[in-house]
Amino acid sequence: MTDIKKKATDEQLNFEASAEMQKKSDEIIKKLDKESTTRSFSGVMKKIFFVLCLLVSLYHLYTATFGPPLTLIHRSIHVSMMLVLTFLMYPMCKKSSFTTPSVLDWILAALSLAAPIYISTNYLGVVERAGNANMMDMIMATLLVALVLEASRRVSGNVLSILSLVFIGYGLFGREMPGMFMHRGYDWLSLSNHFFANTEGIYGTSVNVAASYIYLFILFGAVMSKSGMGQLFNDLALSLAGHTKGGPAKVSVLASGLLGSINGSAVANVVTTGAFTIPLMKKTGYSKEFAGAVESAASVGGQLLPPIMGAAAFIMAEMLGVKYSSIIIWAAIPALLYYLGIIIQVQLRASKDGLVGLPKEQLPSFKAVINSRGHLLIPVFFLLYMLFFSGTTVVYSAVLTIVLTIIVAQLKKETRMSFNDMVTALADGAKQTVSVAVACACVGIIIGVCSKTGFGLTMANTIIALGGTSILFTLVFTMITCMILGMGLPSIPAYIITAAIAAPALAKLGIAPAAAHMFSFYYAMFANLTPPVALASFAAAGLSGGDPMKTGFASVKLAIAGFIVPFMFVFSPQLMLIDTTVFEGVWTAASACLGVFLLAVATEGYFLAPLALWLRGIVLAGSLGLMYPGIVTDAVGVTVCAVLYIIQKKKEKSLKTA
């Protein structure tokens, strides 16, 4: 009887702890993740909004299957749908109702329909007048710009909208700009029409990608979530790594990486998996700051991890004009190195602090996890097959994968989806796309100004001028530019802006365009980790109870491989498997993995025993040699490995006998 009471008490305590963590997660999301601060509808309004979301998803599935209308019309419809959902879903300010849209919200939602109606009914006139707009064109363009700026402010906060206004000012007052930033200047009639009447402004590449690839893959993620994919990732990670030394931290790395690749939001990923993994890490002995750092570093890295990469891969493919499968191949080894660096540091920290894993009897078995939910991996493998070998379009592959996911989920009771689950997943997909789609529309204003004024080329020349003749200095200035622009922006617009501004500078120096874009992408993502603006780290600190700034710096330390690898693949594209043979690719990957191991050892200052400062310096040099492909540098790195092992083995032996 006592055991039964004790078990009941433990279950009650676990439930209360889980509820408390969920409450804390919700508070963090509302505080740090502007995209998640949405209204909670009830009654008739809930049904109306649900139907609207469902219709939006059905439209995108239909156009993906049977083909969209004319380009400008299709993109204007997509933006209009996202604006309507935004004004109904996101309150205007903190004092606004979080349950019912205001009269103003309904007016703005209605006005959002004006642009696609105008373009659809006056299509030939709008297109033929591009560059020579009339007054009505300007009125519609002005309305669209105002709606997009307000929607972006509600969804992403002030930063992106203010940045867009600054660029608009730059476009209007170019003659007053100093030095090389001066340009002819444009009146509002010309500039607004550039945003509205062609595919270089608001209805540009980013909106095209959002209306096709991003929407469908977010929808795919929503369907996978309803089928229990998140639970599968957690259980798989627990079964594979939970019992090992420092197991909970490795579970965090694996689960966060897999989930982050699909959902693409670092902060949301932190609070989703962190609510489960951070208490486990603290329970096994990791400090509050280190536990939070592991979760934030792993969550941010999910956007670097193929096959989905948080949807940014689709934009990169579109901007480079290459197949999506090429992006997956290029990103594979750098992503592997990033996560390997975190895993090794987690292992070394556990060894240094004498930490152990979770008891095996408390963990799910791998066989049981595969038997109950393993079939959910079938759609993932099917998607990879379709992308690499089928020859069909990415959009059509995504539609087929969504359908297959629903079918496969019906195979087991644990994952079976009811009709209500299916339509709810479709509605959820629409809601989850809003933040990305609105940001893509707003960033179109910035890209439009860049294309109209030549600002991208000007910035490229400026970066090169600051770097002088040194590619290394130019890369450093590009890195700083990317990280500054990435502060406070959602990941996808951060990448689009940095790619438009920084990538041309690298390309002018003869760096491969793929490496230039990937370089920009990495550092735009890392703005989520690095203080003083480190939203992912601050969210993790909120869950762990650690100091936010210390958690941020610990996150940077864990992600150190990610900060170095981009420099390596710029100087040697073999790391991205560009223009290389299979043997060279395997050799490069193996030596780079060994280099990341040495980098982790140098960072932690521990291998088999603590390292002296001078030895850490030598190990760091050896790690850089191994990560830079070349016979001589690899030989130096391997020699350092051998010396490290001999010295550490002797020190370990002396510590045991002492």
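All residue numbers in this chain count up from 1 along the given sequence.
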Minimum side-chain heavy-atom gap [X]-[Y] below 4.5 Å:
X: Trp330; Y: Val322; answer: yes
X: Leu305; Y: Tyr338; answer: no
X: Thr277; Y: Pro248; answer: no
X: Gln345; Y: Ile560; answer: yes
X: Arg154; Y: Pro91; answer: no

NZ/Lys557: more than 12 non-hydrogen atoms of other groups inside 6.0 Å: yes
Lys288 NZ: over 12 foreign heavy atoms closer than 6.0 Å: no
Ring pair (Phe, Tyr, Trp, His ring centres under 6.0 Å) partners for Tyr286, two or more places apart: Phe290
Side chain to side chain contact (heavy atoms under 4.5 Å, CB included) evaluation trace for His78 with Val207: CA-CA 8 Å; His78 168 78; Val207 161; 4.1 Å; yes
For [X] and [Y], indicate whether the former's side chain and the latter's backbone hold a donor-acceptor pair under 3.5 Å.
X: Ser239; Y: Asp235; value: yes
X: Tyr339; Y: Gly302; value: yes
X: Ser161; Y: Asn158; value: no
X: Ser227; Y: Met224; value: yes

Result of checking Lys245, Lys352, Lys250 against Gln347 for side chain to side chain donor-acceptor pair (under 3.5 Å): Lys250
Ring center gap for Phe567 and Phe519 short of 6.0 angstrom: yes
Non-neighbouring partners of Ser299 that pass side chain to side chain donor-acceptor pair (under 3.5 Å), sequence neighbours left out: Glu295
Thr603 side, atom OG1; Leu620 side, atom CG - distance, nearest 0.5 Å: 7.5 Å
Ion pair check, Arg349 and Glu604, cut-off under 4.0 Å: yes
Stepwise side-chain hydrogen bond (donor to acceptor under 3.5 Å, both in side chains) test for Ser256 and Thr273: CA-CA 6 Å; Ser256 298; Thr273 55; 2.9 Å; yes
Candidate pair Tyr495 and Met316, rule side chain to side chain contact (heavy atoms under 4.5 Å, CB included), full reasoning: CA-CA 9 Å; Tyr495 160 64; Met316 192 182 300; 3.2 Å; yes
Just checking, any donor-acceptor pair under 3.5 angstrom between side chains of [X] and [Y]?
X: Tyr90; Y: Ser435; answer: no
X: Ser296; Y: Ser555; answer: yes
X: Thr551; Y: Ser537; answer: no

Chi angles and distances behind the side chain to side chain contact (heavy atoms under 4.5 Å, CB included) call for Tyr385, Val380: CA-CA 9 Å; Tyr385 167 79; Val380 178; over 6 Å; no
